[in-house]
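What follows is a short report on a single structure.
Note that the structure is predicted; figures quoted are calculated from it, not measured. All values below come from the heavy atoms of this structure, side chains included, with hydrogens, waters and symmetry mates left out.
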Amino acid sequence: MDLKSNEPFWLLKNGLIASYPSLQADQQCDVLIVGGGITGSLIAHQMIEDGYDTILIDKRELCNGSTSATTSMLQYEIDIPLYQLIEQIGEKGAIASYKACSEAIDSIEKLSKKIRSDAGFKRKKSLYFASKKKDTEWLKKEYEARKESGFEVKWLSEKQVLEQFGFENTYGGILSEQGASIDAFQFAHELCKHNVKKGLKIFDKTEIVKVEYHKGFNKAFTERGLQIRAKKIIYCIGYESKELLKENFVNLKSTYAIVSETEQDIFKNIRNTLVWNTDDPYLYMRTTDDGRLLIGGGDEDFYDAGKRDTLLDKKEKEILRSLKKIKPDYHFYTDFVWAGTFGETKDGLPYIGEHERFKNSYFVLGFGGNGITFSVTGMEMASLFMKNKKHPLSRYFKFGR
């Protein structure tokens, strides 16, 4: 599956950061991680920290799937509003899921400092504004649910949104203190480089085509007939899990993003803020370290990469029309346009844990707008799974829930 169009901003901005060999000989390890994006790099880091002999493989170049197409907005807000999630899965699980995403942002900051990352982690607030008057009622309900659950939030009136951020034609919104941004493509590469020095083995352009299950270990075979014997396999293959797991557990979507030319002063009032709205699909935006405005939205059901990419021009215009509603006097000079594929689950939550058809294996599949923060939670969960321990969120993230 092609997970991005031809011009993802982060890939062009960073270039080829690192290259790793393909598998040339049989290997064995404690843990085989399948998928070398941001999720795989985080899980690999945890496995190395825990002392496991670990191998990471990817069928592409490292991080060249969805990680190169992400907008890298780090939010604790899940795509399903908190008050709705409480109705779906109960107060305990809903609040715990939101808090796990919030704590994940703190963990990414600590990890960034630990490995001396240059991926531009930056603390930001998050503005969630009502784009239609009818949305105000439920958005205020969401505000109250977050406030009662202990999240640091403020309600801003239409006038306050205009004064603080310069956005017209809104109907108020929630301002959250917790949020951040990062270059996830670079960060994933940094994590891999850091852990290679500690013994992590990485093989890219290496695809697993068959797995044999044995008592206490698995044998994974590549397209060239080579094998990796591993006590455990952890699949970090994101939206491509749809091809491996045949049940209908996630709906694939195409999302579109555009980045402006460098304009350091135009959006200085949102330089420290992530922005999204109540449209369906919602519009979202952030600034980049080099003074660009990154905007995304226009989600469509995913059918194939070719059809997705033929919509790039149409979606660019659609996104810019949405921007024009809140910034009518601003002219956006487009520098990059791209598309990526992501997944929506019925409750906005990831799938992390075991699957009955895959012995000696775990899945860490972050979906929706919280793929990165869910993956950080997955680090803690995978660490416990390896020790045959349970995690409080397992019941909410499991398959067949």
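In this structure, Phe249 and Thr345 approach most closely via the heavy-atom pair O-CG2, 3.9 Å. Among all heavy-atom pairs drawn from Glu77 and Ser176, the shortest one is OE2-OG, 3.4 Å. Annotation for Ile352 and Leu365: closest pair CG1-N, 4.2 Å, computed over non-hydrogen atoms. What you find for Gly368 and Asp79 is that their closest heavy atoms are CA-OD2, 3.4 Å.
Atom CD of Glu137 has 12 or fewer heavy atoms from other residues, nucleotides or ligands within 6.0 Å. For Glu212, the CD atom counts as densely surrounded, since its 6.0 Å shell holds more than 12 non-hydrogen atoms of other residues, nucleotides or ligands. By the neighbour-count criterion of 12 heavy atoms within 6.0 Å, atom NZ of Lys205 is sparsely surrounded, having that number or fewer from other residues, nucleotides or ligands. Within a 6.0 Å radius of NZ in Lys327, other residues, nucleotides and ligands contribute more than 12 heavy atoms.
Listed for the Thr70 side chain is no donor-acceptor partner under 3.5 Å among the backbone atoms of Thr67. A donor-acceptor contact shorter than 3.5 Å is absent between the side chain of Lys325 and the backbone of Asn169.
In this model, no donor atom of one side chain and acceptor atom of the other lie less than 3.5 Å apart for Lys140 and Thr136. With hydrogens and angles left out, the side-chain atoms of Ser181 and Ser72 include no donor and acceptor closer than 3.5 Å. Counting only N and O atoms by type, the side chains of Asp290 and Thr262 include no donor and acceptor under 3.5 Å apart.
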Run the side-chain donor-acceptor check on residues 227-235: report pairs under 3.5 Å with partners two or more places apart or on a different chain.
from: Lys231; atom 1: NZ; to: Asp30; atom 2: OD1; distance (Å): 3.4

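With sequence neighbours excluded, the residues that form a side-chain contact (heavy atoms from CB on, under 4.5 Å) with Ser107 are Val376. Partners of Lys147 according to the side-chain contact (heavy atoms from CB on, under 4.5 Å) rule, which considers only residues two or more places apart in sequence or in another chain, are Tyr143, Val153. In this structure, the side-chain contact (heavy atoms from CB on, under 4.5 Å) partners of Ala180, at least two apart in sequence or on a different chain, are Leu74, Ile105, Phe121. Among residues two or more places apart in sequence or in another chain, the side-chain contact (heavy atoms from CB on, under 4.5 Å) test is passed with Leu283 by Asn277, Met285, Ile295, Ile319, Ser322. Partners of Glu300 according to the side chain to side chain donor-acceptor pair (under 3.5 Å) rule, which considers only residues two or more places apart in sequence or in another chain, are Lys315.
The closest side-chain heavy-atom distance from Lys193 to Ile17 is not below 4.5 Å.
The salt bridge (Lys or Arg N to Asp or Glu O under 4.0 Å) analysis of residues 120-136, with sequence neighbours excluded, yields the pairs Asp106-Arg123, Glu109-Arg123, Lys125-Glu177, Lys132-Asp279. The side-chain hydrogen bond (donor to acceptor under 3.5 Å, both in side chains) analysis of residues 363-377, with sequence neighbours excluded, yields the pairs Thr39-Ser375. The stretch residues 38-49 participates, sequence neighbours left out, in these salt bridge (Lys or Arg N to Asp or Glu O under 4.0 Å) pairs: Glu49-Lys114, Glu49-Lys198. Within the structure, ring pair (Phe, Tyr, Trp, His ring centres under 6.0 Å) pairs that include any residue of residues 258-289 comprise Tyr128-Trp276, Phe267-Tyr330, Trp276-Tyr282, Tyr282-Tyr284 (at least two apart or interchain). Identified under the ring pair (Phe, Tyr, Trp, His ring centres under 6.0 Å) test for residues 26-78, with sequence neighbours left out: His45-His194, Tyr76-Phe151. Sorted by first then second residue, the side-chain hydrogen bond (donor to acceptor under 3.5 Å, both in side chains) pairs that include residues 83-98, not counting sequence neighbours, number zero.
Using a 4.0 Å cut-off between charged nitrogen and carboxylate oxygen, Glu223 and Lys59 do not count as a salt-bridge pair.
For the pair Arg401 and Tyr351, the cation-pi test (distance below 6.0 Å, angle within 45°) is passed.
Leu252 CG to Phe342 CZ: the interatomic distance, rounded to the nearest 0.5 Å, is 9.5 Å.
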Trace of the side-chain hydrogen bond (donor to acceptor under 3.5 Å, both in side chains) decision for Thr206 with Ser22: CA-CA 6 Å; Thr206 299; Ser22 60; 5.0 Å; no

